Structures are given as C-alpha cells and as structure tokens.
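The chain is numbered in sequence order, starting from 1. Since the structure is predicted, the reported quantities are computational estimates derived from the model, not experimental observations.
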Amino acid sequence: MQLGLVFKSIDKRIDFMANPRFLTKSRFKLAAECPTKLFYASENKIYRSLKNDDSFLAMLAEGGFQVGELAKCFYPHGVEVSETSNAEAVAKTNELLQVESIVIFEAAIAFENLFIRVDILVKNGNHYELIEVKAKSYDSYKPDLVGTRGGIVKGMRPYIEDVAFQSYVFKQAFPQAQLDSFLMMPDKSVAVDIDGLNQYFKLVRMDQRSRVIVNPEITNVALDRRLLAKVNVDSLVNRVMEEGVSTPLGMVPVIDAIRQWSQACLVGEKIDPTPGGHCGKCEFKTRPVDVLRSGLHECWAEKFNFTPEDFAKGTVLDLWNFRGKDRMISEGRVRIQTLAEHDLNMKDGGEILSWTERQWMQAHGIPKNEDKGGFWIAEAHIKAEMSNWKYPYHFIDFETSAVAIPFHRGMRPYEQIAFQFSHHMMHEDGRIEHAGQFLLAEPGLFPNFEFIRALKEELDKDNGTVFMWSHHENTILTRIAEQLENYSDRPSDWEALKAFAESLLKTGDRPMFDLCKLATDAYYHVDTNGRSSIKMVLPAVLNSTPSLQALYGRPIYGDDTGRSDGMPSLNYKNFTWCKATPQGSVTDPYEQLRQWGSELLGEEVAEGEDPDDLVIAEGGAAATAYQRLQMESLSAMTRDKIKNALLRYCELDTLAMVMVVQGWNASVHQQMS
C-alpha cells in the first residue's frame, strides 16, 4: 500500500462512466437493470439521476469505498493505478504487469470499447486473481450464493454478473492467462477485535469531491483477514456465461448483451424502452421544481403516450405491494384504474382490510357507503384494540445504524447500533408530554447498553402500553438482548437490562403494540397511496380530522406559559404544527423540518423532498447523520447542529404516533381523547 497517498479519490471510478463510448462494469450493471438507462446516464446534463445527486451521501450510506480501502490493507505491498485518464491508466497497468508477481489496485483493462477497473488484481506468473470487493453482507457459516434449487440467489446475481463481465473483458485482453475470480465481502459471522476500525477509513467532502482518508496507523493494526470473506465464484461466473444476464427482457446471452450495450455506448444509441415493474425503481426521474428531464416519463410517453396528467392520475407502479405489475404492463394496462378483479386473488378481510382490498381501494376508490370523507376506517376493530390499551400510553421510536465496517470491538458487519430514542406519553386525562429522549453519538462510544438502560428508566415507572410503528424496535431489542447475553464487556446490570428488553418483545409480558400494523389493517386514506408509513399516514390523518387541526393549529406544543392544554417538549418552544395552506389543507409536519433535514445531511433539502430519499441505502437520514458524526471531521458547531436536528426529527416521529392515535380516536368516538 502506498501510504503517501493518504487521500483516496473516489470519483475516478465515475470518470469512465461519464464517457459514453466505453461500456464499463458500472454501465454493464446499469444496462442489466434496464438497457435504456445507458442513454439517460450518458446525457447526465439533461436527465436527472437520483443516484447521482449527492455521491457523498450515497457513498456514506453504502460504505462500499471504505470496505474497498480495508481490502487493500490485506495486500500491504499492492500498487494502485491512480491515473484517471483511461489511456494512461491502461498504460500504467500494462507496465506493472511486466513484473512477475504483483498486486494491483484499480488495474485498468481495456478491450475494444470495453473498459474495467479491477478492485484487486493479483498476478503470480501467468496466474491471476480478479477480486471484486463489495459491501454486500455475507455469512461464511451460511453462504447464500446458491438457492435450494441450485440457482444463483436473486440478490447475489447482479454481483456475479458484474464479475462475469470483468472476467470476460480480462480474458479477451489476456487470452493466454489463467484467471480465478473472487468476491470479497464483509463476513457478518466474524466480530472485529479492535475498537474504532471504521474510523480508520473516514469519508469526507473535499473540493466538490468525496474522498476516503485512510489513517496511516492502520499499518500498525493486526487485522483479522476473516472480516472480509474471499469467495471463489468461478463456477457461478461460468453459470452466468451459460445462462445469460438477467434483464427486463429475460435472460440474454452475455456475449449478445455486451455487443448490444457496447455498441449503444459507442454511438450514443437509445435502446428501445421495455417498461415493466422495474420502472418503479428507476432513478431517472425528476424531483419537485426540477429543470432536468425525467427518463422514466419519456419512456412511458414513448410506449404508452403518457402525459404528466396520466402520471398524476396513477399507474400500476403505484399499487401497494402488488406483484402483478409486469403482467399488466406487458398487456398495456398501465393505468391504475385498469386493475381488475381477476388480477387479484381477492380475499375478504372481514372487519379489517385484506391486502387485496387495500389494493382495490387504491385503484378504484373507497366504496361510497364506507367513505368517511376520503378515508376508510375499521371502527369496531380499532375500538376493540383500544379497549386493551393501558394508560399512560408510551410512544417510542428508535434511530439505529448498521455499517459494513463496525465501529466497535465485538461487533459484526452490519450489526445494529441503537443510538437514539424519543418517548412521548399520553395520560388518561388527555395530557400529552414529550417525556424523554436519548442520544449518544460521540465517536468511539458504544451506545447500545446505555440506550437500553435509559429506555428502562423511562418505561419502568408504570405498566402502560408501549407503542411502536412497525417491527423495527422489536428487532433492535432482540439484538441488544443477545449482545447483553454474549458480550464479554457487558455491564454489571446486564441481566436486568436483558429481562427488560425481552419483556417488550412479542413473547414478553409487556409486548409493544405495532401501530403500523393497525394502520395497514384498519385505516385507508386516499392520500397515502396504499402505504402505511408514518410519514404517509400522519398528514392524511391531520387533513381528515378538524379537531386535530384546531388543537395543533395553536402554538401550544412546547408551551412554557403553564397553560392547561400546553404540551411539554424537550426540543420545541411554542410551536404550531398545523398551518393552513393556500390549497385548503394543512402543512405536513415533516415539511416544517426541512431546515433540520438539511442539517442532518449537510445538503440542501428542497421543498416537498424527504431527506430519507436523498440517502440511497436503507436506513435513512438519521442513520446517515450518525455516520457523519462518527466519521467526518466536523466543527463543534456543526456537530451540535446535527444532534439538534436528530433530536427534533426523532421527537416528531413519536409525536406523529400520538397525533395518529388522537385522530383515530376522534374518528371512532367523534371526540378528542
């Protein structure tokens, strides 16, 4: 490793994508998702790509480049090809390959208009190892590359196809060479044995680029090579070469795909769109108030004569949890209203909504005799559930992070860290208070045990019902209970903390109640597009509940005057959540936090934009903000701003649960609780 090059540029990998003449491994992967994307990617000054809006946030969330730098540490004598010009990079690689035995990072290999940068290329005489480093998790005790029927697992296939493309290019360039191909991935069965490993590979913004700073002291660290599993995938590469590449058109022979896609890159051809369910994940679409064009909309305009008004009315892509999108689109039935009964295995949910009934309502509206004013609600079911709840109600929300390279000793790749919670209480007399919160995001400090101890102190005072939104909190508590059982440096009160965590699980004596499931079963609003996330349900409930609008339309949240209807808050003062809009609705509370969304991410958040949408990987803005606090070199002022934003966002998540329960209660009892 060349330690003099402490600043590792990330953007060089993108340079070759920017040149439309070359079919690179990144473009090969893009074309496998949808060949038409090749054209939109090449015209990046005309078409919006949501994945390119902020490379720093995407890279921070994914963690792939940090994993790549860790992999290089296992080859301390490796030489990096740092040239960014394709010709210079190829020339440098060929020069290095004159050595009998060598390890090359970012080796540049070209054949015709095919071009690859190999993460790690190991040469011993005429034998080569091509190693592709991925942040994808892998379990060496339970390998998940091949399914029970012998086929490549769907989630792993794109990675194998990536290696297959690289292997093909290499063999064309060096036909006499002997080549073995590998994937190198974080092994989640292996725990790190040092603290702060992640912080040796810090991602920073510098000169409009994202870079990894590798701490030279990493050479003094005894790294466990097992942390990254090196998996031979030659047999799977051969299978891809036999079966073909998985595309929206089905399996396409690898050679045919390469020829077509490389030719399209060479001449700037737009491959004819093949719309399907995959269009729902297309990144080539615009954001609010955008000046760039939407590739998705152009594809559908070309194939279906769609207009912006048609998109506004809804397409089959919008259907919640519907698996028949490909079939309907292939039949030309692309408008949401074309959903027919024969498309669904219709099931009667009884007093609650079945999934198919929810889908039907989304396509065809709420039956007139059951429409409560833009929403449907299972009054009897909600009343029955509420009758089992015990005051005071406790609403909790966790913020967590899971990264490829663990922050702390004893943790495994992608093991969850619980760094924050918010806690609201609703009393029997209707009083609402933000009762507590927790945030521990200082670099190097393991938060999980302090987190569970603080939560225990919050909830141990009574036996009121504890609410969550979705099952994430259950998952986190299960993992913390396991850590308390297994970690060697567990606290002295670990047994009490473990018992408390397990008491809140489904099998415990105080199981948390999942409000998201209740929303899915018993509530449908036309504005939610069939979804049940808190960010969709909250504005819908507010806009349908005049009593809520009246209550939160006053500056009583965080009131410090002692008024009887004031709601104590730890982060807001005299705040008004419901404000009228010119359209006659009320503002989305999350929209009011746009300023703090910008603070979370260090990026501008546009009007109507969800900060979570700016983060590519699963986990969202809060997890990304936590990683910023761990890895970036930030001023004390910036750190305080990020923490303040985290506290405000998490507080709204639990207040949102309170508002939804109040709204449902008003709907089923026609009065505020």
Q) If we only count heavy atoms from C-beta on, is the Ile255 to Pro253 side-chain gap below 4.5 Å? A) no
Q.
Minimum heavy-atom separation for Lys303 and Pro275, please, with both atom names.
A. CG-CG, 3.6 Å
Q: Determine the minimum heavy-atom distance between Tyr487 and Gly410, stating which atoms define it.
A: OH-O, 3.3 Å
Q. Going by heavy atoms in the side chains, are Glu106 and Val118 under 4.5 Å from each other?
A. no
Q) Looking at Leu23 and Ser262, what are the two nearest heavy atoms and their distance? A) CD2-N, 3.8 Å
Q: Identify whether NZ of Lys or CZ of Arg in Arg225 sits under 6.0 Å from the centre of the six-membered ring of Tyr75 and within 45° of that ring's axis.
A: yes
(Q) Return the CZ to OG1 distance between Arg117 and Thr24, rounded to the nearest 0.5 Å. (A) 11.5 Å
**Q.** Cys73 SG to Ile218 CD1 distance, which is reported to the nearest 0.5 Å
**A.** 5.0 Å
Q. So which heavy atom on Glu161 is nearest to which on Gly244, and how close?
A. OE2-O, 4.1 Å
Q.
Pair Glu43, Lys45 - check salt bridge (charged side-chain N to carboxylate O under 4.0 Å, His left out), show working.
A. CA-CA 6 Å; Glu43 300 290 344; Lys45 294 183 179 179; over 6 Å; no
Q.
Does Lys270 have more than 12 heavy atoms from other residues, nucleotides or ligands lying within 6.0 Å of its NZ?
A. yes
Q. Who pairs with Arg293 by side-chain hydrogen bond (donor to acceptor under 3.5 Å, both in side chains), at least two apart in sequence or on another chain?
A. Tyr47, Glu298
**Q.** Partner residues of Glu442 under the salt bridge (charged side-chain N to carboxylate O under 4.0 Å, His left out) criterion, sequence neighbours left out
**A.** Lys643
Q.
Hydrogens and angles aside, do Thr400 and Gln416 bring a side-chain donor and acceptor to less than 3.5 Å of each other?
A. yes
Q. Going through the checks in order, is the salt bridge (charged side-chain N to carboxylate O under 4.0 Å, His left out) test met by Glu283 and Lys37?
A. CA-CA 9 Å; Glu283 68 270 30; Lys37 288 183 179 182; 2.9 Å; yes
Q) With no hydrogens and no angle check, do the side chains of Thr478 and Thr475 hold a donor and an acceptor under 3.5 Å apart? A) no
Q | Taking every non-hydrogen atom, the tightest pair across Thr274 and Pro248 | A | O-CB, 4.3 Å
Q.
One pair to check against salt bridge (charged side-chain N to carboxylate O under 4.0 Å, His left out): Lys72 and Glu69. What are the steps and the verdict?
A. CA-CA 5 Å; Lys72 293 175 185 178; Glu69 294 300 332; 3.2 Å; yes
Q: Mind listing the closest non-hydrogen atom pair of Tyr138 and Leu145 along with its distance?
A: CE1-CG, 4.1 Å
Q. With a cut-off of under 6.0 Å to the ring centre and 45° to the axis, is Lys188 in cation-pi contact with Tyr414?
A. no
Q | Arg412 CZ to Glu415 CD distance, which is reported to the nearest 0.5 Å | A | 6.5 Å
Q: Apply side chain to side chain contact (heavy atoms under 4.5 Å, CB included) to Ser294 and Arg48, showing your working.
A: CA-CA 6 Å; Ser294 168; Arg48 167 72 68 200; over 6 Å; no
**Q.** Residues Gln166 and Asp162: side-chain donor-acceptor under 3.5 angstrom
**A.** yes
Q | Any donor-acceptor N or O pair under 3.5 Å, side chains Asn448, Gln483 | A | yes
(Q) Please report the interatomic distance CZ(Phe407) to CD(Gln199), rounded to the nearest 0.5 Å. (A) 7.0 Å
Q: List the steps and the verdict of salt bridge (charged side-chain N to carboxylate O under 4.0 Å, His left out) for Asp119 and Lys25.
A: CA-CA 11 Å; Asp119 289 339; Lys25 63 180 183 180; 3.6 Å; yes
Q | Candidates Val233, Leu130, Asn232 - the one meeting side chain to side chain contact (heavy atoms under 4.5 Å, CB included) with Asp180 | A | Asn232
